[in-house]
Amino acid sequence: MKTTNALESIGTEYRYGFRDPENYVYKSKKGLSHEIVEEISWMKGEPEWMRRFRLKALDIFLSKPLPWWAARLDLLQEIDFSHIYYYIRPTDKQGASWDEVPEYIKNTFDRLGIPEAERKFLAGVTAQYESEVVYHSIREDLERQGVIFLDMDSGLREYPELVKQYFGTVIPPGDNKFAALNSAVWSGGSFIWVPPGVRVEIPLQAYFRINAENMGQFERTLIIAEPGSFVHYIEGCTAPVYSTNSLHSAVVELIAKKGAHIRYTTIQNWSKNVYNLVTKRAVAHEDAVVEWVDGNLGSKLTMKYPGVYLVGPGARGEVLSIAFAGRDQTQDAGAKMVHAAPHTTSTVTSKSISKDGGRTIYRGGVWVKKGAEGVRSNVRCDALLLDPYSRSDTYPTMEINEQNVSIGHEATVSRVGEEQLFYMMSRGISEPEATAMIVNGFFEPFTKELPMEYAVELNRLIQLEMEGSVG
Amino acid sequence: MAVKEKALNTLSLAAERAAELLEVSESAVKRLSQKLGEPDWLLAQRLEAFGRFQTLPAPSPETDEDWRRTKAFDAGFFSQPIPISELVEVRRAEALHPELLASELSDGGASGLLLEQHLVGTHRFLTKELERSGVILTDISTAAREYPQLVRKYVAPTASDDSKFEALCRALFTSGVFIYVPAGVKVSLPIWMGLYADADASLVLPRSIVVAEPGSEVTVFEEHLSPNGVGATAASALHEVFVGEDARVTVVSLRYWGQTVRAFASHRFHVQRGGRLTSLVASLGGAVTKAFVRADLLGPGAESQMFGLLFGRAKQHFDHTTIQDHFAPHTTSNLLYRAALRDEARSVYAGLIHVRPEAVRADAYQANRNLILSKEARADSLPKLEIETDDVRCTHGATVGPVDEEQTFYLMSRGLPRTEAERMIVEGFFEDVMASAREEAVQNSIRRRLLKAMQETNRE
């Protein structure tokens with residue numbers, strides 16, 4: 001097919017693949033041991049329970065096998081856990097204002113093209129550079145509302161009781177091997193607490209970066225939305241290209257109490273050598289709403305299945321995701337919906353594109369537990385293949401233990417329609433442009449859910465890749 | 001020799017046929033083959049398959065995704081005795097159990113039939129016309145003796161993806177049916193094969209091979225039955241269908257095992273260029289049923305239509321895995337599996353559409369529909385897609401839902417009792433898969449058995 005020429009360069013090149021010279025205050029030894037974990041905990045001055053939590057998690061990590069069901073077990077087996085730095089701390093001090101943020105880190109943001117206006121618009125920028133949060137600011141109105149928005153380390157220091165109450169309750173270390181790894185060596189991430197009835201009208205955002213060869217990034221995010229509150233959290237990732245593999249293994253826990261609403265948006269564009277093995281899960285109580293908006297671009301291998309445990313009557317869970325896999329990339333992503341209470345509803349919409357031999361996988365599950373009457377769930381997966389060498393797989397699971405439910409799953413796999421192309425070209429649009437329009441249209445249900453600046457960024461990203469191939 | 005005599009004479013029918021019970025062993029393979037008068041090459045194949053059986057692991061629910069949801073097939077499955085005997089020809093079909101004959105096909109509706117009852121014998125019929133045109137309908141052992149060249153082409157000792165169950169069936173099949181339709185021959189009425197497994201507490205291993213040469217047409221209706229209370233307690237069946245170029249084959253496989261049977265079944269369809277296969281798998285009865293249904297579309301333009309009809313009641317457990325495997329360009333597959341579940345019945349459906357890199361312009365569809373008739377019933381659905389090329393159209397869908405209360409209400413407002421209304425809704429639910437059986441006599445047979453399954457009470 002000639003049309004594929006237009007898209008040839010998508011994902012073949014990482015445009016943000018610059019890197020800064022390494023300049024770190026502290027770098028732990030490579031590898032993983034009880035000593036390293038003790039050291040991390042000691043460096044951070046953590047309470048005893050967290051030290052024990054980490055050590056117990058390490059034991060679980062060491063004893064648990066890799067997930068046998070993984071589509072790319074071969075890639076997972078290539079990870080050399082003894083060759084990774086598990087903790088790096090770039091500066092000793094938190095930046096209280098933008099002026100105090102080191103110049104080279106600012107440069108990084110500039111080159112990523114985050115406009116000044118955007119920084120001001122966004123409520124608090126938790127810029128995670130390496131394993132530690134270096135810049136942190138909360139707008140005054142957030143403080144007045146009583147919202148807590150800190151990096152996870154500070155959260156643990158300043159609100160130890162609150163953290164202790166919820167930390168690891170949604171995703172216990174034993175959940176899977178990589179959640180155990182994160183629990184043992186986590187660093188950074190965000191801690192958010194929204195008081196009852198408070199609506200945070202502006203999205204909270206953090207920018208993550210990986211910037212040292214062979215360095216893992218293990219951020220840990222915990223968001224608690226008290227009854228009737230609303231919060232939108234945005235996570236965006238870019239990482240420089242390195243010659244050896246990088247491991248990113250985050251844990252994100254969300255708790256939406258009665259009538260609360262959490263939206264969690266991710267646009268991720270890891271460089272093509274990164275393993276992105278993330279565990280994301282939410283608990284939704286009575287009438288709560290949790291939405292995961294998840295964009296997976298980049299990385300060598302992504303395994304990520306955002307989930308919602310619907311434990312209160314009337315709770316709603318939603319996952320809206322896109323995935324793009326180019327050459328040598330596997331996007332193994334999906335969604336888990338566990339209906340454990342009556343009249344809970346869930347919707348999953350997944351869109352994926354494979355190109356240049358890339359492989360996208362939808363792996364998801366819908367579980368309806370006994371007693372969860374009147375459940376409604378709908379799953380829709382669409383996959384677009386841009387050339388004959390690429391691959392798309394769909395592995396959904398439905399386990400239904402209740403009678404009065406309505407469960408639906410639908411999936412299609414196809415390529416860019418020749419008729420569509422022909423129609424547009426007959427209207428004078430060039431083939432590359434037409435293909436680009438079709439791809440954009442395919443992703444549109446996702447893009448339209450993004451905050452404006454993110455939609456712009458995503459469009460820019462796709463556009464750039466397209467233009468490269470046209471010229 | 002591991003011969004185990006059992007007190008079969010308590011059964012009035014036993015006198016007619018002295019069944020011998022064998023344990024699963026290599027000497028049993030030799031004994032069986034000798035008793036059936038098979039040529040040496042077939043014995044050699046059986047022994048090779050038995051070797052394979054011994055090396056293959058038993059399914060592990062812990063590590064094997066295919067077996068994760070169905071745990072009843074433990075080592076005990078293979079330790080039950082296998083009833084064997086010489087092939088006793090029964091002259092009049094009426095000597096067989098009425099249940100086996102409960103079909104209008106027995107009354108001139110079939111162009112050929114091969115019926116077997118363990119404790120009685122086999123009854124065979126084929127129209128003179130078909131015999132003259134070269135159609136073969138006989139047991140595998142006899143076919144191997146009479147048409148060795150032909151049979152050797154299709155009776156394989158192993159397949160690379162055999163499980164322990166398939167290997168066992170290839171080694172120790174006792175009821176084997178061989179159907180051969182020569183090139184260009186069109187068989188107008190269905191060919192009917194029936195098995196009534198009434199030897200008590202036994203493991204039954206039926207195998208069938210259907211070969212349709214290029215341009216031929218045939219409809220085959222297979223029934224596997226056993227009584228409640230007595231009769232077989234385990235079954236491992238292997239059904240192989242070879243659809244030649246431009247041939248049209250319809251295969252309807254119905255199993256209605258007794259309440260305590262643990263049943264394994266493997267259906268393998270090989271479809272060549274331009275061939276068209278229609279399959280209906282109807283699973284009723286039994287305690288636990290695990291079935292693999294696989295269609296390999298091997299040549300350009302090959303097509304498969306696969307339908308499933310499952311009705312579960314009491315604590316019955318059904319686990320069906322289907323594979324639509326597209327090897328060649330311009331191949332088409334369509335699949336619809338329907339399950340209706342009452343009481344505490346459970347259905348597991350796992351389906352895979354696999355489009356290989358060579359299979360450009362493949363068109364594949366897969367749907368699984370589950371009707372939940374009671375609070376305790378349960379349905380799991382795992383429809384999968386593996387697509388390795390871009391110029392394809394593949395869609396799958398799955399739904400799980402209850403009976404529409406409005407429909408029930410409407411029917412009841414017309415004076416129908418609830419059970420009757422429910423029966424009508426279930427029949428309506430199955431109507432489109434039923435239609436795939438094409439022949440009315442076959443449809444009526446399925447409908448009758450379905451009705452019986454729905455009327456069975458829940459005594460254990």
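Just so it is clear, the model here is predicted, and its values are computed rather than measured.
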Under 3.5 Å: donor-acceptor pair, side chain of E410(A), backbone of A398(B)
no

What part of T397(A) gets closer than 4.5 Å to chain B, counting heavy atoms only: side chain, backbone, both or neither?
both

Give, as side chain, backbone, both or neither, the part of A377(B) having an atom under 4.5 angstrom from any heavy atom of chain A.
backbone

Are any non-hydrogen side-chain atoms of D66(B) and F292(B) less than 4.5 angstrom apart?
yes

Top of P396(A), S354(A), G408(A), S406(A) for chain B proximity - count of heavy-atom pairs under 4.5 angstrom
P396(A)

Pick whichever of L382(B), T395(B), I387(B) has the most heavy-atom pairs under 4.5 Å with chain A.
I387(B)

Need one label for P357(B): side chain, backbone, both or neither, based on atoms under 4.5 Å from any heavy atom in chain A.
neither

Taking the side chain from E303(B) and the backbone from T332(B), do they hold a donor-acceptor pair closer than 3.5 Å?
no

Against D319(B), only a single residue in R69(B), K71(B), K290(B) fulfils side-chain hydrogen bond (donor to acceptor under 3.5 Å, both in side chains); can you say which?
K290(B)

Among R72(A), M303(A), K300(A), side-chain contact (heavy atoms from CB on, under 4.5 Å) partner for T330(A):
R72(A)

Of all the residues in residues 369-384 of chain A, which have a heavy atom that comes within less than 4.5 Å of a heavy atom in chain B?
K370(A), E373(A)

Residues D393(A), R359(A); criterion salt bridge (Lys or Arg N to Asp or Glu O under 4.0 Å); working and verdict
CA-CA 8 Å; D393(A) 301 327; R359(A) 182 173 175 191; 2.6 Å; yes

Is there a side-chain contact between S347(B) and N370(B) (heavy atoms, below 4.5 Å)?
yes

Cut-off 3.5 Å, no hydrogens considered: what does the side-chain donor-acceptor table look like for residues 422-432 of chain B, sequence neighbours left out?
| residue | atom | partner | partner atom | Å |
| --- | --- | --- | --- | --- |
| R423(B) | NE | E420(B) | OE2 | 3.4 |
| R423(B) | NH1 | E427(B) | OE2 | 2.3 |
| R423(B) | NH2 | E420(B) | OE2 | 2.8 |
| E431(B) | OE2 | R447(B) | NH2 | 3.4 |
| D432(B) | OD1 | R338(B) | NE | 2.9 |
| D432(B) | OD2 | R338(B) | NH2 | 3.0 |

With a 3.5 Å cut-off and no angle check, do the side chains of H339(A) and E402(A) form a donor-acceptor pair?
no

So W67(B) and F165(B), would you call those rings parallel, tilted or perpendicular, with 30° and 60° as cut-offs?
parallel

Mind ranking R393(B), H354(B), E65(B) by heavy-atom pairs under 4.5 Å with chain A and telling me who comes out on top?
E65(B)

Check against salt bridge (Lys or Arg N to Asp or Glu O under 4.0 Å), D343(B) and K315(B)
CA-CA 7 Å; D343(B) 310 328; K315(B) 289 189 171 174; over 6 Å; no

Side chain from CB out, backbone as N, CA, C, O: work out which of these in R346(B) comes under 4.5 Å of a heavy atom of chain A, or both, or neither.
neither

Region of E376(B) that comes under 4.5 Å of a non-hydrogen atom in chain A
both

Is S381(B) in contact with chain A via its backbone, its side chain, both, or neither, using a 4.5 Å heavy-atom distance?
both

Cut-off 4.5 Å, heavy atoms of chain A, and the answer for I353(B) is neither

